[in-house]
There are 2 protein chains.
Amino acid sequence: MIRVVILGFGNVGQHLHKIFHETKGVNVIQGYTRNTTETTTKAGTPLISKISEIDSSADVYIVAIPDDAIKGFTKELKLKDKLVVHTSGGVAMNTISKKHHRGIFYPLQTFSKNTEVDFKIIPICIEAEKENDLKLLRKLGELISNKVVDINSSERAQIHLAAVFVNNFVNELYHISEDILKEKSLDFELLKPLISETAKKIETLSPSKAQTGPANRGDIVTIEKHLSMIEAELQEKVYMTLTRSILKRK
Amino acid sequence: MIRVVILGFGNVGQHLHKIFHETKGVNVIQGYTRNTTETTTKAGTPLISKISEIDSSADVYIVAIPDDAIKGFTKELKLKDKLVVHTSGGVAMNTISKKHHRGIFYPLQTFSKNTEVDFKIIPICIEAEKENDLKLLRKLGELISNKVVDINSSERAQIHLAAVFVNNFVNELYHISEDILKEKSLDFELLKPLISETAKKIETLSPSKAQTGPANRGDIVTIEKHLSMIEAELQEKVYMTLTRSILKRK
Ligand SMILES: NC(=O)c1ccc[n+]([C@@H]2O[C@H](COP(=O)([O-])OP(=O)(O)OC[C@H]3O[C@@H](n4cnc5c(N)ncnc54)[C@H](OP(=O)(O)O)[C@@H]3O)[C@@H](O)[C@H]2O)c1
Ligand SMILES: NC(=O)c1ccc[n+]([C@@H]2O[C@H](COP(=O)([O-])OP(=O)(O)OC[C@H]3O[C@@H](n4cnc5c(N)ncnc54)[C@H](OP(=O)(O)O)[C@@H]3O)[C@@H](O)[C@H]2O)c1
């Protein structure tokens, strides 16, 4: 049995709590959240809101708080020689206070409070200073996911950068296209089958094979027509930059 | 029974042929493709390769050939007072030779030869010069899809522009992220659950609600770290432009 304390009950903290609670071989002995009137979660896990009350007998402490709070928060922890990991894609392992055994348990997925995710397919990127800790994190990861990978901090930063492109930037393109449709009072719903198929295609085709459209076939007439239709300067910049990026590959 | 001739047997032509063949109430009486050694499709539809052989008794002629060939090709057709439609998002209806009754039958989806699609959820954007023709196109559309919409040429151009953002540009972001991972010999497979979840989120959340990440939370430290990690100039431009686009919304 792996005994876990989850520190921070936001998107990631709550999703981890839920999946660990459903999983044999792991026990969340405590959750920490700064402001709570409850003393347990709905699932019965004890909740605390004071750092001084943190149980010192767990195997691993998972810090799931905002990136910029990790450094200060882990410094304040009163633990001794304990494995403390964070869940961030963008933060180096050595940001965790060096008084702990340090590690990473980064689930490569986007979490929101009200959406269900299937942990089995989520890559869990792990890292640890000590071989034994890495083993424990691998064991913990494999209890919930089929894809646990050893990733060092510099690789993880690269993955996080790539993730910004396929997650935040892709979502911004959805947003721009919604804006473009709104201008003519057209319904964004119309694009949803295309959005879903575009993502689905990439499961079996490489991005290079999946590409189509005006830039890909060098159709300058259509590109110029589109540019003449766009009014907002930033939309035009986005159109130009991504069109150039596609043209450059030819 | 609606009798159809399909002119052009590429991605769209073949997908339409397949779904019409499976659908009651519509009969593909002929397919036209320039180079064929077969005289029928596998499904038994007669195939021809000469314009002079086109059956003049169909209710509708669907031209599914490259955008820039539509004008010349429809001029050559020897039909008289027949409904001739094209399937393009980016081409105005009046590009079709004016000797025909003109119309549009634009399936708003990305088609490739070897991927199956569910026509029921694909929006079919229709337009026609004559009210009767519009009725026929609506009837034909409703046989295969639950979402048939009246869209004029200027609205369709706007939809096509928006589609370029969520399809071609999104795919280019997948491509860039693959490039970024490759630099450190990391596997693009890692990002696939995130890609799929990002698209899935948009089914129930607006792009505005779904957004997360460094730009969205104004995390300049991470943005600068990312920019320092990017080597290719065009990748940097894409990062900057989309980051600005997100920051501008705050
Ligand atoms: N969301 C994602 O999609 C995702 C995916 C992968 C990794 N991550 C990483 O996971 C970590 C947590 O992200 P999240 O999305 O779960 O964040 P979140 O939803 O904002 O939750 C963070 C929680 O941390 C607590 N907190 C905030 N500031 C704190 C501070 N100064 N000291 C102590 N606790 C504090 C807050 O809980 P209380 O106010 O109740 O204390 C909050 O609920 C981050 O490192 C993030 O990069 C996020
Ligand atoms: N692919 C998509 O995702 C998609 C989605 C919605 C709408 N559309 C629109 O549908 C239309 C067809 O696109 P597609 O993707 O099916 O194209 P495609 O796969 O390139 O097929 C077009 C077919 O047209 C024939 N053709 C090519 N040049 C021709 C010419 N000059 N004269 C006569 N026939 C010619 C070719 O067949 P032969 O060589 O055998 O004659 C070819 O198989 C376009 O207007 C496009 O904008 C495409």
Side-chain angles (χ1 to χ4, degrees), chain A residues 90 108-110 115 117 121-123 155 157-159 161-178 180-181 183-184 186 190-199 201-203 207-208 210-216 222 226 229 234 237-238 241-242 244-246 248, chain B residues 90 108-110 115 117 121-123 155 157-159 161-178 180-181 183-184 186 190-199 201-203 207-208 210-216 222 226 229 234 237-238 241-242 244-246 248:
Chain A
L108 181 37
Q109 186 50 288
T110 169
T115 52
V117 293
I121 63 161
I122 299 178
E155 291 167 332
Q158 195 83 355
I159 291 173
L161 172 62
V164 166
F165 280 82
V166 302
N167 178 16
N168 312 142
F169 290 170
V170 161
N171 191 73
E172 175 60 16
L173 293 181
Y174 297 161
H175 207 156
I176 292 174
S177 70
E178 188 188 41
I180 289 174
L181 290 187
E183 272 168 41
K184 299 229 178 220
L186 291 160
L190 285 173
L191 290 182
K192 292 195 172 170
L194 180 59
I195 285 175
S196 133
E197 180 68 17
T198 302
K201 253 191 182 175
I202 225 64
E203 287 170 20
S208 158
Q211 194 56 289
T212 61
N216 193 57
T222 302
H226 281 167
M229 288 166 65
L234 256 171
K237 276 239 169 82
V238 171
T241 310
L242 284 163
R244 272 204 208 107
S245 190
I246 297 171
K248 181 104 188 280
Chain B
L108 181 37
Q109 186 51 289
T110 169
T115 51
V117 293
I121 62 161
I122 298 177
E155 292 168 332
Q158 194 83 355
I159 291 173
L161 173 61
V164 166
F165 280 82
V166 302
N167 178 16
N168 311 143
F169 290 170
V170 161
N171 190 72
E172 175 61 15
L173 293 181
Y174 298 161
H175 207 158
I176 292 174
S177 69
E178 188 188 41
I180 288 174
L181 290 187
E183 271 168 41
K184 298 231 179 220
L186 291 160
L190 285 172
L191 289 182
K192 292 196 174 169
L194 181 59
I195 285 175
S196 134
E197 180 68 16
T198 303
K201 253 191 182 176
I202 225 64
E203 288 170 19
S208 158
Q211 193 58 288
T212 61
N216 193 57
T222 301
H226 281 166
M229 288 166 65
L234 256 171
K237 276 239 168 83
V238 172
T241 310
L242 284 163
R244 272 206 207 107
S245 190
I246 297 171
K248 182 101 187 282

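Quick note on labels: first sequence line is chain A, next is B, and so on, each numbered from 1. Fair warning: this is a prediction, and the values are worked out from it, not measured in the lab.
- Per-residue heavy-atom pair counts under 4.5 Å with chain B were compared for Ser245(A), Pro123(A), Gly213(A), and the maximum is reached by Ser245(A).
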For Leu173(B) and Val166(A), what are the C-alpha separation, side-chain angles and deciding distance, and is it a side chain to side chain contact (heavy atoms under 4.5 Å, CB included)? CA-CA 6 Å; Leu173(B) 293 181; Val166(A) 302; 5.5 Å; no

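- A distance of 9.5 Å separates NZ in Lys237(A) from NZ in Lys237(B), rounded to the nearest 0.5 Å.
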Between Leu242(A) and Phe165(B), does the side chain to side chain contact (heavy atoms under 4.5 Å, CB included) criterion hold? Intermediate values first, please. CA-CA 9 Å; Leu242(A) 284 163; Phe165(B) 280 82; 5.8 Å; no

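- Counting all heavy atoms, side chain and backbone alike, Glu203(B) lies closest to Lys192(A) at O-NZ, 3.5 Å.
- For chain B, the option among Thr212(A), Leu194(A), Ile159(A) with the highest count of heavy-atom pairs below 4.5 Å is Leu194(A).
- In this structure a side-chain-to-backbone donor-acceptor pair under 3.5 Å is missing from Lys201(A) to Asn171(B).
- Side-chain contact between Ile246(B) and Phe169(A) is present, with at least one heavy-atom pair separated by less than 4.5 Å.
- Side-chain N or O atoms of Gln211(B) include one that pairs as donor or acceptor with a backbone N or O of Asn168(A) at under 3.5 Å.
- Of the atoms belonging to Thr110(B), heavy atoms from both backbone and side chain fall under 4.5 Å from chain A.
- For Glu178(B), the part sitting under 4.5 Å from any heavy atom of chain A is the side chain, from C-beta outward, and nothing else.
- Most heavy-atom pairs under 4.5 Å with chain B, from the set Asn216(A), Thr115(A), Val170(A): that is Val170(A).
- In this structure, Ala199(B) and Ala199(A) approach most closely via the heavy-atom pair CB-CB, 3.5 Å.
- Separating the CG atom in Leu161(A) from the CD1 atom in Ile176(B) is a distance of 10.5 Å, to the nearest 0.5 Å.
- Ranked by non-hydrogen atom pairs under 4.5 Å with chain B, the options Lys184(A), His226(A), Glu172(A) are led by Glu172(A).
- Looking at Pro193(B) and Leu108(A), their side chains never come closer than 4.5 Å, going by heavy atoms from C-beta outward.
- Heavy atoms closer than 4.5 Å to chain A are found in the side chain of Val164(B), but not in its backbone.
- Gln158(B) places a side-chain N or O within 3.5 Å of a backbone atom of Ile180(A) that can act as its donor or acceptor partner.
- Proximity to chain B involves both the backbone and the side chain of Glu155(A), based on heavy atoms less than 4.5 angstrom apart.
- Asn167(A) touches chain B through backbone and side chain together, each having a heavy atom under 4.5 Å away.
- Residues passing the ring pair (Phe, Tyr, Trp, His ring centres under 6.0 Å) test with His175(B): none are found, sequence neighbours excluded.
- Looking only at heavy-atom pairs under 4.5 Å with chain B, the residue among Thr222(A), Ile121(A), Val117(A), Leu186(A) that has the most is Leu186(A).
- When the side chain to side chain contact (heavy atoms under 4.5 Å, CB included) test is applied to Ala157(B), the partners found at least two apart in sequence or on another chain are Lys225(A), Met229(A).
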